[in-house]
Amino acid sequence: MESIGVLLTSPMNPYLEQELGKRFKLFRFWDFPSADDFFREHSKSIRAVVGSSFIGADAQMIEALPKMEIVSSFSVGLDKIDLVRCKEKGIRVTNTPDVLTEDVADLALALILATLRRICESDRYVRSGAWKRGDFKLTTKFTGKSVGIIGLGRIGSAIAKRAEGFSCPISYHSRTEKPGTNYKYYPSVVELASNCQILVVACALTPETRHIINREVINALGPKGVVINIGRGLHVDEPELVSALVEGRLGGAGLDVFENEPNVPEELLALDNVVLLPHVGSGTVETRKDMADLVLGNLEAHFLNKPLLTPVV
Amino acid sequence: MADQLPQVLVLRPPPVFTLLETQFSQKFHFLRAWESPLPTADFLATHAASVKAVLCSGDTPITGDILRHLPSLQLIVTTSAGLNHINLPECRRRSISIASAGEIFSDDCADLAVGLLMDVLRKISAADRFIRAGLWPIRGEYRLGSKLGGKRVGIVGLGSIGLEVAKRLEAFGCIISYNSRRKKANISYPFYSNVCELAANSNALIICCALTDETCHMINKEVMKALGKEGVIINIGRGSIIDEKELVQCLVQGEIGGAGLDVFENEPDVPRELFTLDNVVLSPHVAVYTPESFSDLYDLMVGNLEAFFSNKPLLSPVLDE
């Protein structure tokens with residue numbers, strides 16, 4: 001397989017990069033001054049693209065790589081891949097479900113605790129020497145608070161299970177009601193937001209879920225409410241979120257994703273009632289290796305004409 | 001009519017007292033020792049001879065000397081769950097009852113313990129600092145953390161708080177074992193009679209026990225070496241359960257993987273070396289600092305005092321074990 005050209009879209013994982021280099025003819029997208037330069041030189045050599053939540057395979061890339069047979073994404077999210085176009089052209093698509101479910105769900109809970117109990121802020125309080133001048137303030141209890149989850153798929157269900165360990169009543173919204181759960185279903189996000197204190201975004205990003213957290217939802221959540229986003233930045237109307245936080249119309253936010261990563265709205269950097277993370281949802285040594293192995297396994301299966309491990313298309 | 005209200009001595013005001021002083025003062029007449037220019041001993045000798053009840057916090061020592069100045073004392077109400085600040089043998093000798101915060105804090109303490117563990121493993125505070133320092137566009141992807149699921153967590157002290165911690169971490173797929181003075185009946189988690197053995201078989205230790213003569217500096221160099229270079233220590237008990245100097249050295253030299261600390265040997269002083277470390281999360285003894293805990297605490301303290309003054313059973317007496 002060493003002659004098969006594989007394009008790696010960004011430096012997403014050293015182990016993955018190393019293994020791809022051993023098994024295939026690896027092209028690093030960021031080694032080239034521009035996308036056009038790369039396509040001009042190598043478009044006919046690429047039979048597989050390994051994409052990430054940062055750079056996937058959009059229409060331009062698909063059109064520019066006529067020999068592409070498979071996109072293997074180092075993510076579970078598919079929002080950066082033009083799935084319609086891939087289907088049309090018979091291009092296979094794989095992602096990395098299940099292996100990252102626990103880490104992302106863990107991070108949602110870590111964000112809830114850090115946001116409600118002001119863990120990062122109190123760490124700053126100690127490091128600045130302020131504790132010597134007086135006690136920290138009262139924060140907000142987590143146990144027993146109502147948690148509303150948007151999207152009760154693998155990750156949403158894992159979040160619900162963890163929150164139940166804290167005796168939180170769970171409610172959710174998704175495209176359809178899920179049988180077999182004890183959680184309360186709300187047919188709209190606004191209704192969900194009106195009936196919970198902590199609202200967690202755990203659904204896929206599609207044209208329908210873009211800006212699913214908007215002004216109406218934020219107002220329904222209210223000044224004691226908290227938004228937790230471990231989905232995609234575009235799930236949230238970011239300027240609306242920022243102004244609600246700055247004006248105190250929303251109680252707080254724990255955010256792992258942003259509309260225009262790695263840029264974070266400056267107003268958020270000045271706020272104490274937010275916790276900001278640089279898209280680390282699946283960011284553990286253990287899980288990134290499992291994700292890499294899944295990418296490698298899918299590519300190998302494809303080129304050996306075996307069934308794909310985790311096909312989407 | 002403050003004089004007709006039952007009299008309660010306060011040496012130094014607990015945080016809940018300061019916060020809810022108006023409400024408290026409607027029910028009891030407080031002798032405010034800290035407001036007097038007299039040294040404590042003189043104040044007590046002059047004013048406290050007939051005092052039957054004391055309200056104190058966990059960092060106000062009720063020493064043998066203080067007890068000797070309170071000949072009429074029958075009840076100590078402490079706003080803490082911990083009792084390490086009270087001369088217990090002297091209280092036993094004089095049959096002085098003690099009421100504590102009991103189990104009302106267990107949820108909040110357990111929540112913070114889990115929050116601190118997650119922060120250390122997933123580098124939450126460090127990554128938040130990274131973003132606030134403007135480093136994400138410059139340095140690119142952040143360092144990888146460590147997965148919580150599947151980690152072996154050793155709980156030191158499986159009382160009310162320890163059990164709540166265990167229950168929460170089980171939902172994350174952690175494997176729980178514990179060390180306690182005695183093995184607990186009806187608990188299926190593996191028991192280690194020796195904290196060093198617990199450490200050797202754990203990826204993380206969570207300190208949830210009381211501070212006593214036996215547990216002082218129980219987490220020492222030996223235990224930390226047994227825990228190992230990837231190991232994490234979370235302390236929501238009392239600072240002195242850990243040999244703090246050793247802990248700092250182990251962290252600085254990379255002998256253990258990280259720590260989340262809500263308590264310290266000499267609060268509010270925190271060893272400066274810790275400020276330079278990214279694998280340490282520091283918290284200013286706030287495990288119970290939520291409005292719910294404070295409100296519950298107020299109800300409990302008032303309830304205990306009212307019960308005492310009307311000769312009814314205390315709500316949360318500390319019983320000899």
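Remember, predicted model here, so these are calculated numbers, not experimental data. Within every chain, numbering begins at 1; the chains are lettered A, B, ... in the order of the sequence lines, protein sequences first and strands thereafter.
When B:Lys167, B:Lys147, B:Arg129 are compared by the number of non-hydrogen pairs under 4.5 Å with chain A, B:Lys147 comes out ahead. Between chain B and the residues A:Ala110, A:Pro278, A:Gly129, A:Cys120, the most heavy-atom pairs under 4.5 angstrom are made by A:Pro278. Between chain B and the options A:Thr140, A:Leu277, A:Asn263, heavy-atom pairs under 4.5 Å are most frequent for A:Leu277. Taking A:Tyr125, A:Phe136, A:Trp131, A:Phe54 one by one and counting their heavy-atom pairs under 4.5 Å with chain B, the maximum is reached by A:Trp131. Contact tally against chain B (heavy-atom pairs below 4.5 Å) for A:Leu269, A:Ile112, A:Leu276: the top residue is A:Leu276. Residue with the most contacts toward chain A among B:Tyr142, B:Phe130, B:Tyr289: B:Tyr289 (heavy-atom pairs, distance under 4.5 Å). Most heavy-atom pairs under 4.5 Å with chain A, from the set B:Ala126, B:Pro15, B:Pro291: that is B:Pro291. Listed options A:Leu111, A:Leu138, A:Leu113 were ranked by heavy-atom pairs under 4.5 angstrom with chain B; first place goes to A:Leu138. The most heavy-atom pairs under 4.5 Å with chain B, out of A:Thr143, A:Val280, A:Ile119, come from A:Thr143. Chain A forms the most heavy-atom pairs under 4.5 Å with one residue out of B:Glu170, B:Glu267, B:Arg272, B:Glu164, and that residue is B:Glu267. No other option in B:Leu148, B:Leu116, B:Leu117 has as many heavy-atom pairs under 4.5 Å with chain A as B:Leu148.
To the nearest 0.5 angstrom, A:Asp106 atom CG is 6.0 Å from B:Arg122 atom CZ. Taking CG of A:Leu255 as the reference point, atom CG of A:Leu241 lies at 6.0 Å (rounded to 0.5 Å).
Listed by first and then second residue, the salt bridge (charged side-chain N to carboxylate O under 4.0 Å, His left out) pairs that reach into residues 252-280 of chain A are A:Arg124-A:Asp272, sequence neighbours excluded.
Interface remark: B:Leu19 contributes side-chain atoms only to the contact with chain A (heavy atom separation under 4.5 Å). Of the atoms belonging to B:Asp119, it is side-chain heavy atoms, and not backbone ones, that fall under 4.5 Å from chain A. For A:Val275, the parts lying under 4.5 angstrom from a heavy atom of chain B are both the backbone and the side chain. Interface remark: A:Thr287 contributes side-chain atoms only to the contact with chain B (heavy atom separation under 4.5 Å). Contact of A:Arg127 with chain B is made through backbone and side chain together, with heavy-atom distances under 4.5 Å. For chain A, the nearby parts of B:Val286 are the backbone and the side chain; heavy atoms of each come within less than 4.5 Å. Looking at B:Val288, the atoms closer than 4.5 Å to chain A (heavy atoms on both sides) all sit in the backbone: N, CA, C or O. Interface remark: A:Arg288 contributes side-chain atoms only to the contact with chain B (heavy atom separation under 4.5 Å). Contact annotation for A:Ser167: only side-chain heavy atoms (C-beta onward) come within less than 4.5 Å of a heavy atom of chain B. Neither the backbone nor the side chain of A:Ile159 comes within less than 4.5 Å of any heavy atom of chain B.
Residues A:Arg162 and B:Ala171 share a closest heavy-atom pair of CG-O, 3.7 Å.
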- Give the C-alpha distance, both sets of side-chain angles, the deciding distance and a yes or no for side chain to side chain donor-acceptor pair (under 3.5 Å) between A:Asp103 and A:Thr284. CA-CA 7 Å; A:Asp103 268 356; A:Thr284 66; 2.4 Å; yes

- Task: Check the pair B:Lys151 / B:Ser146 against side chain to side chain donor-acceptor pair (under 3.5 Å), numbers first and verdict last.
- Result: CA-CA 9 Å; B:Lys151 287 281 189 298; B:Ser146 181; 2.9 Å; yes

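Inter-residue side-chain proximity for A:Lys132 and B:Asp269 is flagged as met; some heavy-atom pair is nearer than 4.5 Å. Residues A:Ser52 and A:Thr9 have side chains in contact (heavy-atom distance under 4.5 Å, counting atoms from C-beta outward). Using a 4.5 Å heavy-atom cutoff, the side chains of B:Trp136 and A:His279 are in contact. With a 4.5 Å cut-off on side-chain heavy atoms, A:Ser10 and B:Glu141 do not count as touching.
Aromatic ring orientation, A:Phe142 versus A:Phe166: tilted (interplanar angle from 30° to 60°).
Salt bridge B:Arg168/B:Asp107: present, at least one basic N to carboxylate O contact under 4.0 Å.
Counting heavy atoms of neighbouring residues, nucleotides and ligands inside a 6.0 Å radius, atom CZ of B:Arg152 exceeds 12 of them.
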